[in-house]
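Please read the structure below before turning to the comments.
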Amino acid sequence: MSADLFDTPEHALFRQTVRKFVEEELRPRAREFDEMGRIDKRLYKRMGELGMLGLRYDPRWGGAGLDWTFTAVMFEEIARCDNAGVSMGITVQTDMATPSLHQYGSDELRARYLVPAINGEMVAAIAVTEPDAGSDVSAIKTRAVRDGDTWVINGSKIYITNAATADWLCLLAVTDPEAGYGGFSQIVVPTDSPGFSYQLLDKIGNWGADTGLLFFEDVRVPVANTIGDVGRGFQQQMIQFQDERLIACISTCAGSQALWEETRRYCEQRIVFKKPLSKMQVTQFKFVEMLTEITAARELTYACIRKRVKNEDATKEISMAKLFCGRMARYVADECIQLHGGFGYMKESKAGRAFVDTRLISIGGGADEVMIQYLAKMLGF
Ligand SMILES: Cc1cc2nc3c(=O)[nH]c(=O)nc-3n(C[C@H](O)[C@H](O)[C@H](O)COP(=O)(O)OP(=O)(O)OC[C@H]3O[C@@H](n4cnc5c(N)ncnc54)[C@H](O)[C@@H]3O)c2cc1C
């Protein structure tokens with residue numbers, strides 16, 4: 001199904017390149033990244049060399065000028081790296097923190113921050129969520145006050161991926177508290193700015209990503225670091241969220257498929273009451289039902305990709321896919337951990353890890369309820 005999306009020799013070659021990178025450089029170090037609580041920063045450089053960090057970006061800035069089908073190939077392969085946190089960190093770099101800069105940034109800003117993010121010399125993070133504002137982005141309080149040609153930033157952000165590795169942040173801040181949705185701006189903040197600090201957080205899953213609290217105390221950055229127009233940050237961030245959500249769907253479907261395959265292999269070997277677990281009809285039913293859900297989620301995701309390839313607005317479909325994929329992944333992880341029995345409950349089991357890692361999908365980047373709220377509005381309720 002839908003193989004036509006990726007059936008060119010270029011896609012096959014690119015898939016082979018990414019698969020080799022995942023098999024040789026990510027998967028063997030998956031546990032090491034968990035222990036480090038982050039990805040080895042040098043790997044961004046390596047991914048830059050392989051042309052993986054700016055797939056859809058303009059070649060003028062070092063990008064590959066490709067379309068969403070190549071992004072899908074890349075994240076389908078990365079999802080098999082046995083470390084969801086690493087996949088999340090890479091997504092932040094390629095599709096969460098950089099799209100606005102690519103689309104709206106000045107040439108000077110793109111040369112300074114986008115080019116090194118594409119070649120892997122700099123790592124980026126996206127700083128939107130705050131201790132008192134997550135689902136309702138418009139409730140953020142981090143304030144950037146203008147002092148001549150400088151923004152003076154005060155406030156805090158929470159649950160920020162790449163907190164320790166980032167060289168710069170795509171920060172969403174309030175620049176005019178009286179201007180409603182026109183009172184926010186996206187600002188590039190280098191993390192070596194005086195007054196910036198972070199503190200890492202201890203998560204139940206996605207251990208390979210460094211997630212933290214960020215603090216801004218009179219952090220001064222040039223007004224020229226504003227991405228796009230002052231006051232357009234909220235709207236630009238809403239657009240940027242679409243890319244993040246679509247990648248979450250792609251990675252989720254590929255991760256669930258890999259877990260399904262792994263669990264099937266396990267059940268074919270595991271003897272229970274004198275026969276392989278896979279020979280029990282109830283087990284076979286579970287596998288069929290899971291694969292049906294995974295396939296449905298993937299086809300919905302591919303429908304979004306088709307629209308994005310044609311540059312059509314896919315907000316409705318992406319919101320539906322994000323909702324559906326998150327629920328699908330939780331269901332598949334739950335069934336797979338059960339099929340693994342006690343081993344599934346061990347930290348080393350892929351099912352056990354998926355059980356905690358996939359839980360994030362229905363929360364991060366817009367919770368299920370936020371997707372439903374958007375959809376209800378779009379449907380005219
Ligand atoms: C591991 C991890 C990594 C993250 N990485 C980043 C990052 O890199 N950058 C960043 O900016 N943020 C990041 N986040 C933050 C994430 O996007 C937020 O956690 C998410 O948007 C939810 O916001 P919140 O946690 O404040 O929950 P809240 O807004 O407090 O919502 C709590 C719950 O309320 C319910 N709810 C929300 N809205 C509605 C509604 N309209 N109707 C009914 N119920 C509703 C939902 O069930 C929701 O889960 C990350 C979070 C985690 C856990």
Side-chain angles (χ1 to χ4, degrees), residues 33-34 37-39 83-100 117 123-142 155-174 184 186-189 191 198-216 227 233-234 236-245 247-248 251-252 319 322-323 326-327 329-330 353-378 381:
F33 299 144
D34 278 349
R38 68 188 72 170
I39 184 172
N83 194 315
V86 165
S87 178
M88 182 163 75
I90 298 169
T91 305
V92 169
Q93 175 84 351
T94 57
D95 290 275
M96 287 169 67
T98 49
S100 284
V123 176
I126 171 75
V128 175
T129 309
E130 298 189 359
D132 295 321
S135 302
D136 181 3
V137 173
S138 68
I140 63 162
K141 294 194 187 77
T142 293
S156 60
K157 298 284 174 182
I158 197 168
Y159 314 132
I160 306 305
T161 308
N162 291 351
T165 31
D167 297 291
W168 62 268
L169 314 169
C170 173
L171 173 82
L172 187 69
V174 178
F184 302 86
Q186 286 181 308
I187 303 168
V188 171
V189 179
T191 54
Y198 71 86
Q199 186 189 316
L200 287 175
L201 295 163
D202 201 7
K203 306 186 292 300
I204 61 166
N206 281 280
W207 303 310
D210 45 330
T211 307
L213 264 161
L214 312 183
F215 305 99
F216 304 84
I227 299 173
F234 187 86
Q236 290 174 190
Q237 183 52 47
M238 289 301 125
I239 294 168
Q240 188 164 246
F241 275 141
Q242 298 306 316
D243 290 356
E244 162 181 353
R245 289 173 188 153
I247 308 261
S251 305
T252 299
S319 306
K322 166 87 167 48
L323 174 66
R327 291 179 172 177
R330 287 156 61 187
R353 289 178 60 92
F355 190 69
V356 284
D357 290 343
T358 58
R359 193 61 189 82
L360 178 62
I361 301 154
S362 291
I363 298 172
D368 283 2
E369 293 79 0
V370 172
M371 295 303 106
I372 295 169
Q373 182 178 277
Y374 285 160
L375 286 162
K377 234 185 243 171
M378 274 182 257
F381 285 103

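Counting starts at 1 for both ligands and their atoms, following the listed order. Nothing fancy with the numbering, it's 1 onward along the sequence.
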Open item on the list: Contact between Thr358 and Thr252 at the side-chain level, heavy atoms closer than 4.5 Å - yes or no?
Closed with: no
Open item on the list: With salt bridge (charged side-chain N to carboxylate O under 4.0 Å, His left out) as the rule and sequence neighbours excluded, what pairs involving residues 202-213 come up?
Closed with: none
- [ ] Could you tell me whether Phe216 atom CZ has more than 12 heavy atoms of other residues or ligands within 6.0 Å of it?
- [x] yes
Task: Contacts of Asp167 that satisfy salt bridge (charged side-chain N to carboxylate O under 4.0 Å, His left out) - sequence neighbours left out - done: Lys41
TODO: Check salt bridge (charged side-chain N to carboxylate O under 4.0 Å, His left out) between Asp357 and all other residues, then give those that pass, not counting sequence neighbours.
DONE: none
Task: Among Ile140, Leu169, Thr129, side-chain contact (heavy atoms from CB on, under 4.5 Å) partner for Lys157 - done: Ile140
Atom pairs and distances, ligand 1 N/O vs protein N/O under 3.5 Å:
{"residue": "ligand 1", "atom": "5 (N)", "partner": "Tyr159", "partner atom": "O", "Å": "2.7"}
{"residue": "ligand 1", "atom": "5 (N)", "partner": "Thr161", "partner atom": "OG1", "Å": "2.9"}
{"residue": "ligand 1", "atom": "8 (O)", "partner": "Thr161", "partner atom": "N", "Å": "3.0"}
{"residue": "ligand 1", "atom": "8 (O)", "partner": "Thr161", "partner atom": "OG1", "Å": "3.3"}
{"residue": "ligand 1", "atom": "9 (N)", "partner": "Ile126", "partner atom": "O", "Å": "2.8"}
{"residue": "ligand 1", "atom": "11 (O)", "partner": "Val128", "partner atom": "N", "Å": "2.9"}
{"residue": "ligand 1", "atom": "11 (O)", "partner": "Thr129", "partner atom": "N", "Å": "2.9"}
{"residue": "ligand 1", "atom": "11 (O)", "partner": "Thr129", "partner atom": "OG1", "Å": "3.2"}
{"residue": "ligand 1", "atom": "12 (N)", "partner": "Thr129", "partner atom": "OG1", "Å": "2.7"}
{"residue": "ligand 1", "atom": "14 (N)", "partner": "Tyr159", "partner atom": "O", "Å": "3.3"}
{"residue": "ligand 1", "atom": "17 (O)", "partner": "Gly365", "partner atom": "N", "Å": "3.2"}
{"residue": "ligand 1", "atom": "23 (O)", "partner": "Ser135", "partner atom": "N", "Å": "3.4"}
{"residue": "ligand 1", "atom": "26 (O)", "partner": "Gly134", "partner atom": "N", "Å": "3.4"}
{"residue": "ligand 1", "atom": "29 (O)", "partner": "Ser135", "partner atom": "N", "Å": "2.9"}
{"residue": "ligand 1", "atom": "29 (O)", "partner": "Ser135", "partner atom": "OG", "Å": "2.7"}
{"residue": "ligand 1", "atom": "31 (O)", "partner": "Ser135", "partner atom": "OG", "Å": "3.4"}
{"residue": "ligand 1", "atom": "41 (N)", "partner": "Gln373", "partner atom": "OE1", "Å": "2.5"}
{"residue": "ligand 1", "atom": "47 (O)", "partner": "Glu369", "partner atom": "OE1", "Å": "2.9"}
{"residue": "ligand 1", "atom": "47 (O)", "partner": "Glu369", "partner atom": "OE2", "Å": "3.2"}

